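To keep things clear, I will list the structure first and then write my remarks on it.
All values derive from a computational prediction rather than experimental measurement. The first residue in the sequence is number 1, and the count goes up from there.
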Amino acid sequence: MRFLLTCLLTGICLTGCSALSGLSDSIDGISDYFTGGEDNTDPPNALTELKPEIEIDVLWKKSVGVGADEQTLKLVPVVYDGKIFAADRKGLIQARSLTTGDVSWEVETKAHFSAGPGVGSGFLVLGTSEGEVLAIESSTGKVLWHATISSEVLSVPVISRGVIAVRSTDGTVFALNEKTGDKLWSYEQNIPALSVRGTGSLVVVDDKLIGGYDNGKMIALRLNDGKFLWETSVAIPAGRSEIERLVDLDADPIEDDGVVFIASYQGNLAAVSATDGEVLWRNETLSSSSGISKDWRYLYLADSKSDVWQIDQRNGASLWKQADLHQRKLTAPSPYSRFVVVGDLEGYIHWLSVTDGRLLGRVQINEAPIDAKPIIFDDTVYVYSKNGTLTAIKAR
């Protein structure tokens with residue numbers, strides 16, 4: 001009897017070890033995808049010696065708490081009413097002078113900020129990882145109200161016509177009254193079980209609220225009541241595995257003259273009519289999750305391999321490509337004047353020529369990664385690093 005019991009226990013242990021081993025392998029495979037593991041992608045290009053064609057001045061450099069605290073969030077600075085506002089992960093929000101960087105006011109809210117600030121008329125709006133939305137007076141930092149929604153906020157809130165539109169990571173869009181935070185309406189959209197962390201911002205075009213989802217579809221809702229207006233497929237999932245079929249629309253869309261431009265992860269770059277959702281063109285060679293920008297005629301995109309492209313808004317044709325910054329995890333590009341500016345994983349800001357994409361100059365803020373799109377105001381570049389360093393830079 002003792003021998004039989006020993007055999008039985010040994011068999012159970014071996015079966016359990018085999019199951020645990022299989023489970024461990026599965027977890028390791030998923031972990032490799034999301035956290036690195038065995039990375040088969042190309043390594044980031046090393047920076048080579050550059051003969052600068054411009055002079056770069058660092059005007060000021062200040063600290064905004066812990067920044068993103070090494071997390072993937074959507075904390076981005078915003079310029080409003082002669083000040084620049086920025087928030088950190090632990091609930092600090094500051095208003096600083098554009099010219100000197102001096103603090104006008106700062107407030108410790110103790111909220112876990114995850115997105116924002118968005119800016120309205122006289123107030124700022126931020127979202128948190130606990131599913132809260134806070135409105136803060138822009139002149140004093142006073143908290144005006146806070147509201148609760150369904151889950152974490154990873155896109156910058158949008159304010160228009162008395163409505164604050166916020167999207168949570170579970171796919172729900174909430175419309176809040178800008179004065180009180182009261183819920184006006186909500187719209188739920190199913191999202192895939194597996195998706196890339198991040199949520200693209202919404203954009204308002206006339207009376208429509210337009211956004212892209214993790215299933216590759218773009219949806220338009222009526223701003224004042226949330227009525228569904230149209231839906232279109234921007235990116236079509238392809239491949240055998242769930243990872244290969246990821247086509248998240250996490251890049252913030254931009255709008256110009258009734259056309260919404262949006263890029264997808266492992267999908268394409270597309271132009272969509274805001275009127276009815278018709279896809280006007282697709283460039284299926286490009287995909288991005290960092291975002292796109294525009295000037296009077298062109299789009300600028302850092303693709304999934306951190307190659308920078310200039311694209312014709314009219315037809316999606318590629319005009320130039322800059323591959324010297326390959327795999328350096330670039331921010332969305334910011335064009336201004338004769339330049340295109342991007343930040344990278346080692347804290348460098350790079351200036352490219354708007355004419356042909358050649359590198360004109362660079363400066364390192366510090367060694368912390370930069371994932372927030374550089375802000376351009378009055379020919380000054382404002383950069384927010386993930387460690388909370390806020391910097392003002394000017395090129396000559």
Quick one: [atom1] on [X] to [atom2] on [Y], what's the gap to the nearest 0.5 Å?
{"X": "Arg297", "Y": "Leu319", "atom1": "CZ", "atom2": "CG", "value": "7.5 Å"}
{"X": "Ile349", "Y": "Ser334", "atom1": "CD1", "atom2": "OG", "value": "9.0 Å"}
{"X": "Phe377", "Y": "Tyr336", "atom1": "CZ", "atom2": "OH", "value": "14.0 Å"}
{"X": "Leu59", "Y": "Ile56", "atom1": "CG", "atom2": "CD1", "value": "11.5 Å"}
{"X": "Ile136", "Y": "Ser138", "atom1": "CD1", "atom2": "OG", "value": "10.5 Å"}
{"X": "Trp351", "Y": "Leu50", "atom1": "CH2", "atom2": "CG", "value": "12.0 Å"}

Inspect the contact between [Y] and [X] and indicate whether a charged nitrogen and a carboxylate oxygen are less than 4.0 angstrom apart.
{"X": "Lys305", "Y": "Asp303", "answer": "no"}
{"X": "Arg358", "Y": "Asp356", "answer": "yes"}
{"X": "Arg161", "Y": "Glu178", "answer": "no"}
{"X": "Arg328", "Y": "Asp344", "answer": "yes"}
{"X": "Asp371", "Y": "Lys329", "answer": "no"}

| message | Checking Lys90 against Lys110 for the side-chain contact (heavy atoms from CB on, under 4.5 Å) test, could you report, in this order, the C-alpha distance in whole Å, the side-chain angles of both residues, the deciding distance, and whether it holds? | response | CA-CA 6 Å; Lys90 293 186 177 180; Lys110 297 184 179 179; over 6 Å; no
| task | Please test Val259 against Phe261 for side-chain contact (heavy atoms from CB on, under 4.5 Å), starting from the C-alpha separation and ending with a verdict. | result | CA-CA 7 Å; Val259 178; Phe261 302 99; 3.7 Å; yes
Within-4.5 Å side-chain heavy-atom neighbours: [X] and [Y]:
{"X": "Val163", "Y": "Asn177", "value": "no"}
{"X": "Thr331", "Y": "Pro374", "value": "yes"}
{"X": "Val119", "Y": "Ile159", "value": "no"}
{"X": "Phe339", "Y": "Val354", "value": "no"}
{"X": "Ile375", "Y": "Val79", "value": "yes"}
{"X": "Leu126", "Y": "Val133", "value": "no"}
{"X": "Asp88", "Y": "Asp69", "value": "no"}
{"X": "Tyr348", "Y": "Leu47", "value": "yes"}

| Is the Trp320 ring parallel, tilted or perpendicular to the Tyr300 ring (thresholds 30°, 60°)? | tilted
Does a donor on one side chain and an acceptor on the other come within less than 3.5 Å for [X] and [Y]?
{"X": "Lys321", "Y": "Ser318", "value": "no"}
{"X": "Ser129", "Y": "Arg89", "value": "yes"}
{"X": "Ser293", "Y": "Lys373", "value": "yes"}
{"X": "Ser150", "Y": "Ser168", "value": "yes"}
{"X": "Thr380", "Y": "Asp378", "value": "no"}
{"X": "Thr99", "Y": "Ser97", "value": "yes"}
{"X": "His326", "Y": "Asp307", "value": "yes"}

| With no hydrogens and no angle check, is any side-chain donor or acceptor of Glu255 less than 3.5 Å from a backbone partner on Ala274? | no
Hey, is [atom1] on [X] packed in by over 12 heavy atoms from elsewhere, all under 6.0 Å?
{"X": "Asn315", "atom1": "CG", "result": "yes"}
{"X": "Glu188", "atom1": "CD", "result": "no"}
{"X": "Lys61", "atom1": "NZ", "result": "yes"}
{"X": "Gln71", "atom1": "CD", "result": "yes"}

| message | side-chain contact (heavy atoms from CB on, under 4.5 Å) for Val58 and Thr391? Distances and angles first, verdict last. | response | CA-CA 7 Å; Val58 176; Thr391 309; 3.8 Å; yes
| field | side chain to side chain contact (heavy atoms under 4.5 Å, CB included) against Asp324, all qualifying residues, sequence neighbours excluded | value | Gln322, Leu359
| cation_pi(Arg222, Phe228) dist<6.0 Å, angle<=45 | no
| field | Residue that, paired with Pro77, satisfies side-chain contact (heavy atoms from CB on, under 4.5 Å) out of Val64, Ile84, Val383 | value | Ile84
| Stepwise, does the salt bridge (Lys or Arg N to Asp or Glu O under 4.0 Å) test hold for Asp57 with Lys394? | CA-CA 5 Å; Asp57 298 323; Lys394 200 149 192 171; over 6 Å; no
